[in-house]
Amino acid sequence: APASARAPPPFVSSAVETRCGTAALMAFWAYILRCADGKYYTGHTDDLERRMAQHQHGGFCDFTSRRRPVTLIWCQDFPSRYEALSAELQ
């Protein structure tokens with residue numbers, strides 16, 4: 001099978017594909033997570049699937065590590081890190 005056909009972990013791939021489209025085509029992302037306690041977390045990254053896995057696994061971010069599981073509720077791609085960070089801070 002082609003490399004693009006590999007199946008990433010289901011909790012990551014399905015959330016990213018459903019909420020954001022095809023992650024492989026994007027450069028930088030801003031995103032919002034809803035935590036298990038109802039609080040929200042915003043972030044930005046250049047690899048949304050990796051970052052979602054880090055948040056789900058715990059240890060990456062103290063805020064989300066104490067509030068797992070987290071759910072991706074919004075994300076948007078941007079052509080530059082600056083634009084993704086600007087969107088995160090809004």
Side-chain angles (χ1 to χ4, degrees):
S4 61
R6 71 174 175 77
F11 70 88
V12 173
S13 165
S14 62
V16 171
E17 291 295 323
T18 300
R19 303 273 184 204
C20 305
T22 304
L25 301 176
M26 309 308 167
F28 298 94
W29 296 89
Y31 62 93
I32 300 174
L33 304 176
R34 184 175 48 240
C35 301
D37 65 358
K39 295 187 189 258
Y40 294 90
Y41 176 87
T42 61
H44 76 281
T45 183
D46 61 356
D47 187 336
L48 188 58
E49 287 198 28
R50 176 181 49 85
R51 185 56 48 86
M52 284 299 302
Q54 290 170 329
H55 282 298
Q56 291 292 6
H57 182 265
F60 169 75
C61 165
D62 185 55
F63 185 88
T64 58
S65 291
R66 292 179 285 119
R67 294 171 169 86
R68 292 181 296 149
V70 298
T71 303
L72 178 66
I73 61 168
W74 175 85
C75 60
Q76 183 175 339
D77 64 300
F78 294 90
S80 73
R81 184 174 301 277
Y82 176 81
E83 290 168 285
L85 176 59
S86 294
E88 173 190 348
L89 297 175
Q90 288 185 352

Original post:
Where do H44 and F78 land on the side chain to side chain contact (heavy atoms under 4.5 Å, CB included) test, with the steps shown first?
Top reply: CA-CA 10 Å; H44 76 281; F78 294 90; over 6 Å; no
Subject >> Any residue meeting ring-ring contact (aromatic ring centres under 6.0 Å, His included) with F60, in chain and number order, not counting sequence neighbours >> reply: H55
Original post:
Roughly how far apart are F28 CZ and T45 OG1, rounded to 0.5 Å?
Top reply: 9.0 Å
Subject >> Interatomic distance, R51 atom CZ to T64 atom OG1 [nearest 0.5 angstrom] >> reply: 9.5 Å
Subject >> Nearest-0.5 Å distance that lies between atom CZ in R67 and atom OH in Y41 >> reply: 11.5 Å
Original post:
Hey, is the main chain of G59 close enough, under 3.5 Å, to the side chain of S65 for a donor-acceptor pair?
Top reply: yes
**OP:** Output all residues satisfying side-chain contact (heavy atoms from CB on, under 4.5 Å) with D62, sequence neighbours left out; order by chain, then residue number.
**Re:** R66
**OP:** Drop me the distance from W74's CH2 to W29's CH2, to the nearest 0.5 angstrom.
**Re:** 10.0 Å
**OP:** Find the distance between CG (L33) and OG1 (T71) and round it off to the nearest 0.5 Å.
**Re:** 8.0 Å
Original post:
When you measure from the side chain of Q56 to the backbone N and O of V70, does any donor-acceptor pair fall under 3.5 Å?
Top reply: yes
**OP:** Could you tell me which non-hydrogen atom of P79 sits nearest to which non-hydrogen atom of A27, and how far apart they are?
**Re:** O-CB, 4.3 Å
**OP:** For atom OH of Y82, decide whether the heavy atoms of other residues, nucleotides or ligands shown that lie under 6.0 angstrom number more than 12.
**Re:** no
Original post:
Which pairs count as salt bridge (Lys or Arg N to Asp or Glu O under 4.0 Å) when at least one residue sits in residues 80-90, sequence neighbours excluded?
Top reply: D46-R81
Original post:
Would you say L85 and L48 are hydrophobically clustered, going by side-chain heavy atoms of ILVMFWY under 4.5 Å?
Top reply: no
Original post:
Taking atom OH of Y31 and atom CG of L72, what is their separation to the nearest 0.5 Å?
Top reply: 9.0 Å
